Amino acid sequence: MSGVPQRTLLLWCPDWPVLAAEIVDGVPATDPVVVLHANRVIACSERARAEGIRRGLRRREAQGRCPHLTVVDHDPGRDVRAFEPVVAAVEEMVAGVEVIRPGACATAARGPSRYLGGEEAAAERIVEHVAQSCAVESQVGIADGVFAAGLAAREGRIVAPGGTREFLAARPVEALGRPALADLLRRLGVRTLGDFAALPAGDVLARFGFDGALAHRLAGGRDDRPLAVRQPPADLTVTADYDEPVDRVDAAAFAARTLAERLHERLAGYGLACTRLGIEAVTAHGQELHRVWRHDGLLTAAAIADRVRWQLDGWLSGSNGRGGTRPARPTAGIVRLRLVPDGVLAQAGLQPGLWGETGEERERAHRALSRVQGILGPEAVVTAVLGGGRSPADQVRLVPWGDERVPARPGPPPAGALPAPAPASVVVPAGGGAGRRAGRGRAVAEPPWPGRIPPPSPAVVLPAPLPADVRDAAGEPVVVSARLAVSAAPARLTVGGGRPAEITGWAGPWPVDERWWAPAEARRRARFQVCLADGAALLLAVEGGQWLVEAIYD
């Protein structure tokens, strides 16, 4: 704990929850307004206080005193969001600000008082700056310690150095902000902070516990901790403006190298490295271009320069608007280039792989694919991400190269993970429509997706299923009932308008009844695996009486 209290300047915005509701939600703070939490008033406007409303009143009692009262629910997130501009305005005047709570922030008084001409001048300048920047009324209090400065701010008072203990002595014990402790102290005959501070510290600790001992220190003008000032985030962005618009690739490459070195030096100065880079450009005609590059390793100065050069090459070498796969090139040269390190981490926070995961071959491939993306766009190079699902099309998701490889649906556990315990009884579909049950305690490889077709996986998944016709040996269509009963063994398959092929083997059905609660996304179908006389193997599905070819096995 801090032994000598620090001279503290605290800025306080009265009725901040009410004012935050006006800033964020447009509730007029000049009307009678109350903010409720747990059905009790925690803040009220000046008009509401004129109607006799006080903190702690229940909602019904407050509405009884003021029938035209506006009631707002307490939202801590709203209070914080609305207070951030106020803190930013204070940081423009002083350094090292600690947010006590939404509506109050504190800083050491020594620095502002020295370069703003004294404590009183500093308080006036800060209040005026907040009013001009944020249109928010505030008051400043200065005293020895955060607690005393907070009480002084409610009166807009500057307590002389060394006079904090005397300033606190006459305050009621309710000023501690601990209702239960204040009620107990009053029943014991202790009514002011001076009376409470006069009690022996050991007896207070033994009778009221640790929290009571902290309150005893505050009552005596001693803080429980020093200021914990917040550090404003460093501005890592680098920008370059060009008098002559850059419209040639060679000039863009030179600009990319210079700007990349500046960004890398700035990151290195803070011990950081970049893993995700935002490239922004503004043309002479005001057109704004933006692209974000991801990287699975640390972006060096050369890697940053390469990606900026590739991106500028892609923009400046775009199509002329008469077709082609490239995006349209800008109508004018680039006059401003900006690099934004969107993802940063500590320089030593990423360890290279031991067995070649981030080796030279991988880096060369990444550079080549990234350059193609810079020319043709991020969707030009995609990679497959395996996930969960019952159909082969659901189990693969294509994502742009460099993006996060997150499956669309939860998939099986990674290789090497311990299998999850199986449920008491799981139905495992078998060939020919029969089924068998896995006994209690057996491990199931992928329990979240019952009805999924067994391995091996098909080699080719068709982007659009092909219509087919399946008939039995008598030439009658094969039908699957609602109870998954197959009318006859499949014997011949015709795909589209092709020639019939003989089916030599089949397995299934594997039923699927998904998302029945969402009519627009509901799917009910059954899948079969079939082998043909020519050696081909297909994955078929029947839905609504229509047979489809979904995938082809190798």
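No experiment lies behind these values; they were computed from the predicted model shown.
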Sub-3.5 Å donor-acceptor pair from the side chain of [X] to the main-chain atoms of [Y], do we have one?
| X | Y | result |
| --- | --- | --- |
| R178 | L176 | yes |
| R336 | D241 | no |
| S133 | V130 | no |

Report yes if the side chains of [X] and [Y] come closer than 4.5 Å at any heavy-atom pair, otherwise no.
| X | Y | answer |
| --- | --- | --- |
| D144 | F167 | no |
| V335 | T283 | no |
| L184 | R187 | yes |
| T237 | E280 | no |
| F196 | L188 | no |
| V308 | L277 | yes |

Measuring from atom [atom1] of [X] to atom [atom2] of [Y], what distance do you get when rounded to the nearest 0.5 angstrom?
| X | Y | atom1 | atom2 | answer |
| --- | --- | --- | --- | --- |
| L337 | Q311 | CG | CD | 10.0 Å |
| L214 | L205 | CG | CG | 9.5 Å |
| I304 | L267 | CD1 | CG | 6.0 Å |
| E128 | S138 | CD | OG | 11.0 Å |
| I100 | T8 | CD1 | OG1 | 8.5 Å |
| D247 | E244 | CG | CD | 9.5 Å |

Inset, instruction - Please state whether the rings of F83 and W16 are parallel, tilted or perpendicular, taking 30° and 60° as the class boundaries. - result: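 If you compare the ring of F83 with that of W16, the planes turn out perpendicular.
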
Does a sphere of radius 6.0 Å around [atom1] in [X] hold more than 12 heavy atoms from other residues, nucleotides or ligands, not counting ones at 6.0 Å or beyond?
| X | atom1 | result |
| --- | --- | --- |
| R7 | CZ | yes |
| E166 | CD | no |
| E137 | CD | no |
| E92 | CD | yes |
| F254 | CZ | no |
| H37 | NE2 | no |
| R262 | CZ | yes |

Inset, instruction - Check each of E261, R338, R266, E265 against V238 using the side chain to side chain contact (heavy atoms under 4.5 Å, CB included) test, and report the only one that passes. - result: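 Going through the options one by one, the only one that passes is R266.
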
Legend entry - Option among V72, V18, V41, T70 that satisfies the side chain to side chain contact (heavy atoms under 4.5 Å, CB included) test with V34: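 Testing V34 for a side chain to side chain contact (heavy atoms under 4.5 Å, CB included) against V72, V18, V41, T70 leaves exactly one candidate, V41.
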
Output a table of donor-acceptor pairs, distance under 3.5 Å, between side-chain atoms of residues 48-58 and any protein atom two or more places apart or on a different chain; print 'none' if there are none.
from, atom 1, to, atom 2, distance (Å)
R49, NH1, D15, OD1, 2.9
R49, NH1, D15, OD2, 3.3
R49, NH1, C44, O, 3.0
R49, NH2, D15, OD2, 3.0
R54, NH1, R49, O, 2.9
R55, NE, I42, O, 3.1

Legend entry - Contact list for residues 66-81, test salt bridge (charged side-chain N to carboxylate O under 4.0 Å, His left out), sequence neighbours left out: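 As it turns out, the salt bridge (charged side-chain N to carboxylate O under 4.0 Å, His left out) pairs with a partner in residues 66-81, which skip direct neighbours, are D25-R78.
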
Inset, instruction - Would you please test V146 and L10 for side chain to side chain contact (heavy atoms under 4.5 Å, CB included) and show each step? - result: CA-CA 7 Å; V146 176; L10 188 141; 4.1 Å; yes

If you take all heavy atoms of [X] and [Y], which pair is closest and at what distance?
| X | Y | answer |
| --- | --- | --- |
| A149 | A143 | N-CB, 3.7 Å |
| A170 | T192 | O-CG2, 4.3 Å |
| L193 | A219 | O-CB, 3.7 Å |
| V292 | H290 | CG2-NE2, 3.4 Å |
| V136 | I23 | CG2-CD1, 4.4 Å |
| P32 | L69 | O-CD1, 3.5 Å |

Inset, instruction - Could you give me the CA-CA distance, side-chain angles and deciding distance for E119 and L9, then say whether side chain to side chain contact (heavy atoms under 4.5 Å, CB included) is met? - result: CA-CA 8 Å; E119 293 180 345; L9 182 150; over 6 Å; no

Legend entry - From CA spacing to verdict: side chain to side chain contact (heavy atoms under 4.5 Å, CB included), F208, H216: CA-CA 10 Å; F208 301 106; H216 183 257; over 6 Å; no

Inset, instruction - Begin with the C-alpha distance, continue with both residues' side-chain angles, and end with the deciding distance and a verdict on side chain to side chain contact (heavy atoms under 4.5 Å, CB included) for Q6 and D223. - result: CA-CA 8 Å; Q6 185 180 20; D223 274 347; over 6 Å; no

Inset, instruction - Look at R309 together with D306 and state whether they make a salt bridge at an N to O cut-off of under 4.0 Å. - result: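 Answer for the salt bridge query: yes.
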
